[in-house]
Amino acid sequence: MSVRLRRVYEPPEPDDGVRVLVDRLWPRGLSKDAAHVDEWPKGLTPSTELRRWYHAGEGSYEEFSGRYEAELDAPEAAELLDRLRQLVRKGPVTLLTSSKDPEHSHASVLVRLLGA
């Protein structure tokens with residue numbers, strides 16, 4: 001079971017496995033061909049309200065993580081998270097984000113929940 005977290009702007013590597021974009025919006029200045037994205041589950045991303053709250057600096061990463069995990073309990077998000085778990089069981093998965101600080105983003109919460 002292998003899950004990696006990378007910025008979507010980094011060039012693909014042979015051991016990336018399935019490349020999953022976990023951002024709601026397409027990354028600026030990046031063509032779909034250059035991104036080499038295999039899946040893009042937009043329903044797995046934090047709500048607009050939560051994302052704005054966190055980026056406004058109103059709360060800690062720990063509080064953001066807890067709120068995001070609560071959002072992942074919603075039916076659509078839970079189904080998409082289960083889909084990711086299935087992919088991870090089959091082989092390597094690389095979660096891609098345009099976040100400048102991937103380790104303090106929703107993508108790192110997903111990595112943790114996927115057991116990496």
Side-chain angles (χ1 to χ4, degrees):
M1 184 160 55
S2 173
V3 180
R4 296 174 59 185
L5 176 57
R6 300 184 64 214
R7 292 200 70 223
V8 70
Y9 299 106
E10 297 172 16
E13 294 183 0
D15 58 346
D16 279 350
V18 178
R19 293 172 51 89
V20 181
L21 179 63
V22 293
D23 291 346
R24 184 169 302 269
L25 303 174
W26 188 262
R28 290 182 185 170
L30 188 65
S31 73
K32 293 191 191 295
D33 288 340
H36 298 278
V37 169
D38 297 308
E39 299 207 13
W40 185 17
K42 296 176 196 174
L44 195 61
T45 62
S47 66
T48 300
E49 296 79 19
L50 180 58
R51 195 178 71 247
R52 286 181 180 160
W53 172 83
Y54 181 54
H55 292 297
E58 296 180 21
S60 67
Y61 174 72
E62 290 74 23
E63 188 175 357
F64 167 77
S65 296
R67 290 183 180 194
Y68 178 45
E69 285 185 49
E71 288 187 355
L72 291 172
D73 288 336
E76 179 188 4
E79 184 177 319
L80 291 168
L81 187 57
D82 284 342
R83 165 85 176 123
L84 275 183
R85 286 185 177 114
Q86 291 170 11
L87 289 173
V88 170
R89 283 193 287 272
K90 292 178 183 177
V93 172
T94 299
L95 301 183
L96 304 168
T97 182
S98 61
S99 173
K100 292 178 183 175
D101 185 7
E103 297 303 321
H104 293 97
S105 73
H106 67 287
S108 66
V109 174
L110 292 172
V111 170
R112 182 172 42 80
L113 292 176
L114 292 169

*Set of ring-ring contact (aromatic ring centres under 6.0 Å, His included) partners for Trp26, sequence neighbours left out*: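 Per chain and number, Trp26 pairs via ring-ring contact (aromatic ring centres under 6.0 Å, His included) with Trp40.
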
*Listed partners of Tyr61 passing ring-ring contact (aromatic ring centres under 6.0 Å, His included), at least two apart*: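 Expected list: His104.
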
Minimal non-hydrogen separation, [X] against [Y], with atom names:
X      : Y      : result
Leu5   : Ala107 : CD1-CB, 3.4 Å
Pro41  : Leu21  : CD-O, 3.4 Å
Val109 : Ser65  : CG2-OG, 3.5 Å
Ala77  : Gly43  : CB-O, 3.7 Å
Ala35  : Arg19  : O-NH2, 2.7 Å

With the side chain counted from C-beta on, respond yes when [X] and [Y] share a heavy-atom pair under 4.5 Å apart, and no when they do not.
X      : Y     : value
Tyr9   : Pro27 : yes
Arg7   : Ser99 : no
Leu96  : Val22 : no
Leu110 : Leu72 : yes
Tyr68  : Ser47 : no
Val37  : Val20 : no

_Tell me if a side-chain donor or acceptor on His106 pairs with a main-chain N or O of Leu44 at a distance below 3.5 Å._
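Answer holds: no.
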
List the residues meeting salt bridge (Lys or Arg N to Asp or Glu O under 4.0 Å) with [X], not counting sequence neighbours, and say none if there are none.
X     : value
Glu71 : none
Arg6  : Glu10, Glu13, Asp16
Asp82 : Arg85
Asp15 : Arg4

_Side-chain heavy atoms nearer than 4.5 Å, only ILVMFWY residues, links allowed to pass through others: does that put Val8 and Leu114 together?_
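The answer is no; the residues belong to distinct hydrophobic clusters.
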
*In terms of hydrophobic clusters joined by side-chain contacts under 4.5 Å, are Leu80 and Val3 together?*
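Yes, it is one cluster - the side chains of Leu80 and Val3 are joined through contacts under 4.5 Å.
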
Which residues share a side chain to side chain donor-acceptor pair (under 3.5 Å) with [X], sequence neighbours left out:
X      : result
Arg24  : Thr45
Glu69  : Arg112
Ser105 : none

_Hydrophobic cluster (4.5 angstrom, side-chain heavy atoms) - remaining members for Leu25_ =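 Reading the cluster by chain and number, Leu25 sits alone, since nothing else belongs.
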
*Can you pull the salt bridge (charged side-chain N to carboxylate O under 4.0 Å, His left out) pairs that have at least one residue in residues 35-53, sequence neighbours excluded?*
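Checked against salt bridge (charged side-chain N to carboxylate O under 4.0 Å, His left out) - neighbours excluded - the pairs reaching residues 35-53 are Glu39-Arg83.
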
_Spacing of Leu81 atom CG and Glu76 atom CD [to the nearest 0.5 Å]_ =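 The distance works out to 12.0 Å.
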
*Just how far is it from atom CG of Leu84 to atom CG of Leu95, taken to the nearest 0.5 Å?*
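Leu84 CG to Leu95 CG: 6.5 Å, rounded to 0.5 Å.
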
*For Glu58, enumerate each residue passing the side chain to side chain contact (heavy atoms under 4.5 Å, CB included) test, keeping only those at least two apart in sequence or located in another chain.*
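By the side chain to side chain contact (heavy atoms under 4.5 Å, CB included) rule, Glu58 matches Trp53, Ala56.
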
